[in-house]
Amino acid sequence: MPELPEVETVRRGLAPALVGARILRAEQRRPDLRFPFPDNFAARLAGRRILGLRRRAKYLLADLDGGETLVMHLGMSGSFRVDGDIQGAFHHPRDKSAAHDHVVLHMENGGRVTYNDPRRFGFMLLVQSNGLDAHKLFQGLGVEPLDEALDASFLAHAFRGRAAPAKALLLDQRVIAGLGNIYVCEALHRCGISPLRAGGKLVTAAGRPGALLARLPQAIKEVLADALAAGGSSLRDHRQADGSLGYFQHSFRVYDREGAACPTPGCKGTVARAVQSGRSTFYCPQCQK
DNA sequence: ACACTATCCTGCAGGC
DNA sequence: TGCCTGCAGGATAGTG
């Protein structure tokens, strides 16, 4: 479920159960997800206290005592579940999703945090906390989209001379870290930029942001803020850590709305679907230029 | 350097 | 009903 608003919503949901709490015991139920788990993963988690839970881009970072940080990425289908069931697990045998419960953290406070990931594109790593920024995963990461560093001149610099479509550039985590397919589609629609438009064409010859590009940072920040306020988007049956559903999917203007009337006031267009870099793009050919 | 593809994996919806 | 195809919120290695 993982773009920035979803990961941040997960972080907020997990924090009460994890921050300040000690991991009594950890279960690692398979050798790997996207990558192999670290050596002695479960044993290295046992007894550790979680000092804080942060987010960087789409990564969740749990800082542990002892100087290590547990780095978690949800991939496409990762989710966390928190239950306070101290008496023992209730796992319905027909609950298929339990087959994909890959990691369980048994907390000293009686809580239990389970990581479930059917597609296993997610991963967990342990990294020295003081070397996090230098780690390969974080080294090349672009700006946080909600940071003030994301502004029109930053985008003009990043897009200048690029032939790749705006969609591809916004999905590139080395430029902006945290956007994904949904929010890129939504942000481009909000500011009237076609996802097919070459990035370089949105920049003036002098390297300044064009009129449309100037609106993009605000569009990105607004759609993310709206999604955060809604608890993220819940496609299919994805749930937040506390079991509740985000509801921003009801506010999508173009994503997964092929054939619907364009919601832009005064626009008579119809939402279209295109495929870019193997992924669906939704946009209005009428008002996105 | 850049642009584009194929790929990892499972589940689900839609067509026949 | 069942089988098949395509598609899914991500990110990377590999190709030209």
Side-chain angles (χ1 to χ4, degrees), chain A residues 1-10 29-36 55-60 71-80 94-102 115-125 135-142 145 157-187 195-201 223-224 227-228 230-240 245-252 254-259 273-282:
Chain A
M1 67 165 79
E3 294 184 45
L4 185 151
E6 290 74 36
V7 177
E8 178 61 22
T9 299
V10 168
R29 297 183 174 172
R30 52 173 299 124
D32 55 23
L33 294 172
R34 176 170 175 182
F35 307 124
R55 179 194 58 76
R56 167 75 171 108
K58 300 172 190 172
Y59 295 91
L60 275 175
V71 176
M72 298 169 279
H73 195 289
L74 305 177
M76 287 278 255
S77 59
S79 64
F80 282 96
R94 293 203 185 131
D95 184 359
K96 278 190 291 185
S97 74
H100 303 298
D101 286 351
H102 305 308
Y115 178 70
N116 180 287
D117 188 355
R119 293 176 73 180
R120 306 203 301 273
F121 288 170
F123 57 88
M124 294 192 188
L125 298 175
H135 193 279
K136 190 172 182 254
L137 283 176
F138 302 96
Q139 188 79 117
L141 230 41
H157 182 74
F159 282 24
R160 189 177 191 184
R162 300 292 298 268
K167 170 86 182 295
L169 296 174
L170 293 176
L171 281 175
D172 188 340
Q173 302 298 297
R174 295 168 300 184
V175 178
I176 304 177
L179 298 182
N181 207 30
I182 292 178
Y183 298 107
V184 166
C185 290
E186 292 294 315
L196 310 175
R197 187 88 176 273
K201 301 260 186 186
V223 73
L224 293 179
L228 272 168
S233 304
S234 301
L235 269 50
R236 305 201 170 74
D237 58 350
H238 263 298
R239 280 162 192 283
Q240 312 307 340
L245 292 165
Y247 52 88
F248 190 71
Q249 66 278 13
H250 303 301
S251 301
F252 292 165
V254 290
Y255 185 82
D256 205 20
R257 294 181 56 81
E258 182 183 15
R273 175 180 177 271
V275 176
Q276 294 182 278
S277 22
R279 316 192 61 193
S280 287
T281 292
F282 299 91

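Order of the sequence lines fixes the chain letters, A, B, ..., with proteins taken first and strands second; residue numbering starts at 1 for each chain.
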Rounded to the nearest Å, what distance is computed from the [atom1] atom of residue [X] to the [atom2] atom of nucleotide [N]?
X        : N      : atom1 : atom2 : answer
A/Tyr59  : C/dT12 : OH    : P     : 6 Å
A/Phe159 : B/dC2  : CZ    : C1'   : 15 Å
A/Glu3   : C/dA11 : CD    : P     : 9 Å
A/Leu74  : B/dC9  : CG    : P     : 19 Å
A/Lys201 : B/dA3  : NZ    : P     : 13 Å
A/Asp256 : C/dC7  : CG    : P     : 13 Å
A/Arg160 : B/dC2  : CZ    : C1'   : 17 Å
A/Arg120 : C/dT12 : CZ    : P     : 19 Å

Options [options], nucleotide nearest the side-chain atoms of [X]:
X        : options               : answer
A/Arg119 : B/dT10, C/dA13, C/dG9 : B/dT10
A/Ser277 : B/dT5, C/dA11, C/dA8  : B/dT5
A/His100 : C/dG9, B/dA3, B/dT10  : B/dT10
A/Pro2   : C/dG9, C/dA8, B/dC4   : C/dG9
A/Asn181 : C/dG10, B/dA3, C/dA11 : C/dG10
A/Arg273 : B/dG11, C/dG9, C/dC7  : C/dC7
A/Ala163 : C/dA8, B/dG11, B/dA3  : B/dA3
A/Phe121 : C/dG9, B/dC9, C/dA8   : B/dC9

Using the [atom1] atom on both, measure [N] against [M] and round to a whole Å.
N      : M     : atom1 : result
C/dT5  : B/dT7 : P     : 16 Å
C/dG14 : B/dC9 : P     : 16 Å
C/dG9  : B/dA3 : P     : 22 Å

> Going through the distances and angles, do A/Arg34 and A/Asp32 end up as a salt bridge (Lys or Arg N to Asp or Glu O under 4.0 Å)?
Replying inline: CA-CA 6 Å; A/Arg34 176 170 175 182; A/Asp32 55 23; over 6 Å; no
> Is there a Watson-Crick or G-U wobble partner for B/dC4 with both distances under 3.5 Å, and which nucleotide is it?
Replying inline: C/dG14
>> Please compare A/Arg279 and A/Val275 by the position of their nearest nucleotide in DNA chain C and report the one closer to 5'.
In response: A/Val275
Just to confirm, is there a sub-4.0 Å distance from OP1 or OP2 of [N] to any side-chain nitrogen or oxygen of [X]?
X        : N      : value
A/Arg34  : B/dC9  : no
A/Lys58  : C/dG10 : yes
A/His73  : C/dG10 : no
A/Ser280 : C/dA8  : yes

> What about A/Tyr59 and A/Phe138, are their ring centers closer than 6.0 Å?
Replying inline: yes
>> Using only atom types and a distance under 3.5 Å, with no angle test, would you say the side chain of A/Asp117 pairs donor to acceptor with the backbone of A/Gly75?
In response: no
Does the side chain of [X] reach to within under 4.5 Å of the side chain of [Y], using non-hydrogen atoms?
X        : Y        : answer
A/Glu6   : A/Phe248 : no
A/Ile182 : A/Leu235 : yes
A/Phe80  : A/Met72  : yes

>> By the 4.0 Å heavy-atom rule, please label A/Pro5 as base, sugar-phosphate, or nothing.
In response: nothing
